[in-house]
Amino acid sequence: MSNDGEVVSVETVEGLSENSTKVEDEDSAVEMVTSDWVICPVCGNRVRGEAYNVNCHLDSCLSRGTKRKLTQRTLLQMKFCSGSVAHTSFCESEQLETNVDLMGLDNNEGKTALSGFIFSSTIEGNYSNCVVIPSNPESSMETCMDGSTVNGINSDGVDNKVEASLAINNEVPNCDMAVSVNNLSGLVIETFIVGRRFSDEKEINLGAAISLLRDPKNVKDPNAIKVISADAGCSKVLGFLPRDLAQHLSPLIDKYSLIFEGSVTSIPKHSLNVVPIQIVCCNMNLQSSMESGDIEVFTFLWKNVLTVATSAKIHPPDVTKYQQNFCLLLQEVLRSNPHLFTDDEKEYMESFTSLPVDSQRLFVRLYMRKGPWFRMSNILYREVLNSQEAVKALCAAGYLRRFEDSYGMHDNEMKEILDLVTLSELREIMCMLKKNCKHGTRKQDLIASLVSLYKDGLCLLLPNLILDRTGTCIKISSKVESLLWRAERLFFLNSEQDLSAFLLVDMGVVKYPTYRCIISEPIFTDREDLLAYEEAIGVAQLMDQSLDDNDKESVLRCMKIADSRMCGSSTNSFRSTESEPLVIFLSCFSASWVYSKVVLLGVSFLEREHRYNDAIVLLKRLLICFPHDGRRGYWRMRLSIDLEHMGCPNESLSVAEDGLVDPWVRAGSKVALQRRVLRLAKPPRRWKVPSFSQSVKREIREVHIQGRPLNCETGMKSRFYGEDGEQCGVEQLALQYYAGEGEGWQGVHTESGIWLTIFGLLMWNILFSDAPNVFRTRFQTAPLDLETDSFYEVRKDIIESHLQKIQDGMAEEILITSWELYLGTACRGVNWERNSLSELRAVVTCSGGPFLASLCRYLAQDYRSWSSGMPDLVLWRFHGEYMGQMKLVEVKGPRDRLSEQQRAWLLLLMEIGFNTEICKVSPLQVSS
């Protein structure tokens, strides 16, 4: 992965050639034969064709900035192929490289020209492989990241790669790849003139004659090819060929002196836009002057030229990135989830790409802005040449609503449109209506007054007064907004990400890891499940808003709806059965799971209202409806507490005891229930002392220090003066103590952060290894099952093998390798900025392999339960160069106490033999 966000990934070959040899080792790996090598497109060195080796080499190669720096592309420009296609490419490319050297081509040019063919599964942009495996094995098909499909085996037993078009109409580009040197002359290539702002001639006539001229001294691109005017007495530069096409065409022109002529086939509306052209090779026959090796190389390079030219017709250079990203989102959603949309909805969404270019760009711009209404007078984008015509087309297609007269305005739209009016315009309207308007009145107060007047019928002219100032206003239609909301949720699978995720990747701000999406089961089995899920989301949003507004009536109504529907979902019964333990992680996309969140919010509301009986009823229903859920520990704890509030200590004790034998009650929740049982299980209720009594009551070492307080107010975080006289928190004060009086410890205040970073770096290849259904989008930072039991169960063999390496002392080597390869790549829990590599190495070295292996095992088995609550301070000190000590310290201020999760971690760390303690900070007592 490069620093500019580019990822290059090559899939491993599923089957090896006949001369391959299989070697059984502890990982049962299959070693590739010496012929299975690939050529690095950056440095030109040969690398073993295994995916891991290739990615590691490219990441290190790109991070050094070796030779040329690859450019970042958008998601739509990526090219992928199946493993078998990649294998064929690698074998052929090695022979091609040899032939290139024999031809005498410049090493850089030859390898640059070949790189597009050698790495036929190259990802140009920071995205990952996506292999979709349908449920029906007879129709097994891989879906590549660029929207193309690769049939596993066709009727003739030949891999057949079909590239889908951007327009989502399943048209297959007709590209004749069987072009030989004999029939090269006269072949027409359709392409474009780009870089028009660098041209000598701004005006171009339809049918104007053109020719190509190499520009090897171009500082931006040594492969550049100029397009010049071929009219009599004129040789002005009109622009350049697209970079992708020039990359493959330039070595052919240089080596074989190919001559291209052509003409302009269309005139753009704007003089600086790309210009469609046709070019023809004028050389008659080159085969007689070539040797056999030359012909083979020439043919493959020419195929690359045709491939790039065909791709450019599908994704023209004048399509903006955000426009491409939006079209891709629609394309991917419709391709992956056709069963979730009606025919009308699919036709409606597909119609977007048939809109005029200006309309597409304007719509995406508006969709990404905060609305809902927009003034036409404020809409001005450089790439949208005619906003009026664009709006007209969008309105005709039903994508926008126009408001240009007072007819048809609803009361609920009045406030939305008033938000467009400036404060001075609102005051002017109030004055015209002869209403009092104090100078200090806020805008929202003025809007509320005008809306009230309009609803009461006292200001019927208000719409006209608004339009006189705003002019024509537009908004995205509710139908389109609803469809796109659904499309975004299906594409990203969360509510946090939107189209801006594409932008962050295109700008290099965010890099996502490389992984394969192996999909065999849909998240939503049918449209009914999806609609039920969306309805549940709506109830949850209303619940949140009602709690914020303290609308008790609405809260109770949402609780009643959620309670009635929570246990009636078929999706819930499917996700929670014992026979499907490995797909429980998909249950969060069910309506019943969302309703359970609403019910739990309702429980907290009822407890605040001291309505413990109602809270008990809901908690019992949660435990019945969700027998396999990681939240059961918290539910049982709340149920036991509420029963005690109602004066039912015996039942409260029974609930706590039942929770201790529940396999889904873990970590802090289990410790809390154990401590609760010890408190309640006293004679005469229980005579026998529980077996866990000693471990729970185990004394945790405490250290007491004092500091000069800055504030001691209840409800505020304690602040002290440090040893240097500066203000600091209790954690910084403790660090100063351990560095001085505490015998020279070094350390950092990170809580769980540093351990999650270490876990992510040590387990990187495990996190992003191949597993079914856990990677479904290009924007994931972790597998979907990370916080479930299935993460460990599905990968148990490779996890244990990897943990053995960590235990044997390879942790630091793995850490450094992951840091160098993946620096800056987004990963759940990994914070690249908070801790330096030297700090991480110190922690790993002083912790020791056995402790790190145990820590990683606990997180792999139950990430959700153990990813929080670790001690505040990580301290270390070295004895020599490679030996050291480690200590974990939980710091507590004057009014702080341990949470059950923190206690669980401390007891666990003590159990595995780690040095832990609690540091209690108290105010310095000043004598009178």
Side-chain angles (χ1 to χ4, degrees), residues 23-29 31 48 50 52-53 55-57 59-60 513 744-748 750 752-769 791-792 795-823 825 827 829-832 834-863 866-867 870-871 873-889 905 908-916:
V23 180
E24 295 288 342
D25 60 8
E26 62 179 5
D27 298 325
S28 302
E31 291 191 357
R48 269 195 179 276
E50 298 171 349
Y52 177 79
N53 291 337
N55 285 330
C56 290
H57 173 82
D59 285 326
S60 59
W745 291 93
Q746 302 179 60
V748 290
T750 65
S752 299
I754 195 169
W755 298 110
L756 297 184
T757 296
I758 290 174
F759 173 79
L761 294 177
L762 293 181
M763 306 290 286
W764 191 287
N765 291 335
I766 306 297
L767 287 168
F768 301 106
S769 60
F791 176 79
Y792 179 80
R795 307 165 181 83
K796 184 175 181 179
D797 292 339
I798 59 174
I799 287 177
E800 289 300 330
S801 175
H802 192 69
L803 293 180
Q804 187 61 48
K805 296 178 183 178
I806 294 175
Q807 185 168 335
D808 293 341
M810 296 182 61
E812 187 176 5
E813 180 182 346
I814 297 172
L815 178 84
I816 295 172
T817 301
S818 295
W819 180 279
E820 292 178 347
L821 292 180
Y822 310 116
L823 179 62
T825 304
C827 175
V830 176
N831 190 325
W832 298 101
R834 186 167 185 177
N835 300 109
S836 65
L837 177 59
S838 61
E839 291 175 340
L840 297 175
R841 291 180 62 184
V843 172
V844 167
T845 300
C846 295
S847 297
F851 169 74
L852 289 173
S854 298
L855 174 71
C856 291
R857 183 177 289 108
Y858 276 106
L859 288 173
Q861 290 175 339
D862 194 356
Y863 191 90
W866 293 109
S867 59
M870 293 199 73
L873 306 184
V874 180
L875 306 175
W876 66 86
R877 60 185 176 189
F878 283 96
H879 303 300
E881 189 174 354
Y882 302 107
M883 298 292 292
Q885 289 179 284
M886 177 69 61
K887 178 185 289 189
L888 299 182
V889 180
W905 258 117
L908 176 64
L909 292 169
M910 294 170 63
E911 183 179 339
I912 61 180
F914 213 77
N915 186 5
T916 61

With no hydrogens and no angle check, is any side-chain donor or acceptor of E813 less than 3.5 Å from a backbone partner on M810? no

How far apart are the closest heavy atoms of C856 and I806, and which atoms are they? SG-CD1, 4.5 Å

Partner set under side chain to side chain donor-acceptor pair (under 3.5 Å) for Q885, not counting sequence neighbours: R877, H879

Closest contact, heavy atoms only, C846 versus G884: SG-CA, 3.8 Å

Hits for side-chain contact (heavy atoms from CB on, under 4.5 Å) against N831, two or more places apart or cross-chain, chain-then-number order -> T757, E833, R834

Taking all atoms of both residues into account, what is the closest heavy-atom pair of G747 and L875, and its distance? CA-CD2, 3.8 Å

What is the minimum heavy-atom distance between M870 and S752, and which atoms define it? N-OG, 3.2 Å

Spacing of OG1 belonging to T845 relative to CH2 belonging to W876, to within rounding of 0.5 Å: 10.5 Å

Write down the atom of W755, the atom of L852, and the distance for their closest heavy-atom approach. CZ3-CD2, 4.1 Å

Are any non-hydrogen side-chain atoms of L756 and Y863 less than 4.5 angstrom apart? yes

For W866, give me all partners under ring pair (Phe, Tyr, Trp, His ring centres under 6.0 Å), at least two apart in sequence or on another chain. Y858, W905

Sequence-distant partners of R841, side-chain contact (heavy atoms from CB on, under 4.5 Å), two or more places apart: E812, L815, I816, L837

For L762 and A811, which heavy atoms make the closest approach, and how far apart are they? CD2-O, 3.3 Å

The criterion is side-chain contact (heavy atoms from CB on, under 4.5 Å); which residues satisfy it with S818, sequence neighbours excluded? L761, W764, I814, Y822

Are F914 and L908 packed together at the side-chain level, in the sense that at least one heavy-atom pair is separated by less than 4.5 angstrom? no

Given side chains that start at C-beta, do those of F851 and I912 come closer than 4.5 Å, heavy atoms only? yes

So M763 and L803, do their side chains get closer than 4.5 Å, heavy atoms only? yes

I'd like to check the salt bridge (Lys or Arg N to Asp or Glu O under 4.0 Å) partners of R857; sequence neighbours left out, ordered by chain and number. E800

D797 backbone acceptor or donor facing S801 side chain under 3.5 Å: no

